[in-house]
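Order of the sequence lines sets the chain letters (A, B, ...), proteins ahead of strands, with each chain counted from 1.
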Amino acid sequence: MTPFQQEVYKALDLIPKGCVTTYGAVAAYLGTKAVRAVGTAVGKNPNAPQVPCHRVVPLTGKIGNYSGQGGVATKIRLLEEEGVFLKNGKVLDFEKCLFTFDHPTEHV
DNA sequence: AGCGTGACGAACT
DNA sequence: TAGTTCGCCACGC
């Protein structure tokens, strides 16, 4: 477990239920430009319900990937349970459910 | 210290 | 429009 991963998991924990975020948003939140690093950190181990990693999707609005049980299918299932439905492998109203870590003090 | 890999992203052809 | 390539940062070897 690396500090970087802890930051990532903590960020995912900020995602409100019924919403989704993107790897890029998490990367920006952590202050990094490498979404790869975020994706790597998330895909490393926290596939467990320990972290709402299923609320994280690529900027394309697609489901992306999931290392948990059932893979992407389970990821979709979890999102539907929260109210985030999928269509053709993509999120419905993706930008509306999108959570971009709207900091209360982003530029003060 | 360097190389390869990875739950992505953007640009190019 | 779809497929492919490079880049990006962190981690393991």
Distances for protein N or O near nucleotides 4-8 of chain B N or O, under 3.5 Å:
unit_1: dG6(B); atom_1: N9; unit_2: Arg36(A); atom_2: NH2; d: 3.3
unit_1: dG6(B); atom_1: N7; unit_2: Arg36(A); atom_2: NH2; d: 2.8
unit_1: dG6(B); atom_1: N2; unit_2: Arg36(A); atom_2: O; d: 3.3
unit_1: dG6(B); atom_1: N2; unit_2: Ala37(A); atom_2: N; d: 3.4
unit_1: dG6(B); atom_1: N2; unit_2: Thr40(A); atom_2: OG1; d: 3.0
unit_1: dG6(B); atom_1: N3; unit_2: Thr40(A); atom_2: OG1; d: 2.4
unit_1: dA7(B); atom_1: N7; unit_2: Val42(A); atom_2: O; d: 2.9
unit_1: dA7(B); atom_1: N7; unit_2: Gly43(A); atom_2: N; d: 2.3
unit_1: dA7(B); atom_1: N6; unit_2: Val42(A); atom_2: O; d: 3.4
unit_1: dA7(B); atom_1: N3; unit_2: Tyr23(A); atom_2: OH; d: 3.2
unit_1: dA7(B); atom_1: N3; unit_2: Asn65(A); atom_2: O; d: 2.5
unit_1: dC8(B); atom_1: OP1; unit_2: Asn65(A); atom_2: ND2; d: 3.2
unit_1: dC8(B); atom_1: N3; unit_2: Arg36(A); atom_2: NE; d: 3.4
unit_1: dC8(B); atom_1: N3; unit_2: Arg36(A); atom_2: NH1; d: 3.4
unit_1: dC8(B); atom_1: N4; unit_2: Arg36(A); atom_2: NH1; d: 2.8

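- Across Cys97(A) and Gly18(A), no two heavy atoms sit closer than the pair CB-O, 4.0 Å.
- In this structure, Glu7(A) places its CD atom 12 Å from P of dA10(C), rounding to the nearest Å.
- When each of Met1(A) and Ala34(A) is assigned the nucleotide of DNA chain C with its nearest heavy atom, Ala34(A) is the one assigned upstream, toward the 5' end.
- Of all heavy-atom pairs spanning Val26(A) and Thr21(A), the tightest one is CG2-CG2, 4.0 Å.
- The nearest pair of heavy atoms linking Val57(A) to Lys62(A) is CB-O, 3.3 Å.
- The ring-ring contact (aromatic ring centres under 6.0 Å, His included) test applied to Phe99(A) returns Phe101(A), not counting sequence neighbours.
- Applying the salt bridge (Lys or Arg N to Asp or Glu O under 4.0 Å) rule to pairs touching residues 18-41 of chain A yields nothing, sequence neighbours excluded.
- Applying the 4.0 Å criterion to OP1 and OP2 of dC9(C), one finds that Lys33(A) has a side-chain N or O inside that range.
- The separation of dA7(B) from dC13(C), taken at their C1' atoms, amounts to 22 Å, rounded to a whole angstrom.
- Counting all heavy atoms, side chain and backbone alike, Tyr66(A) lies closest to Cys53(A) at CE1-SG, 3.8 Å.
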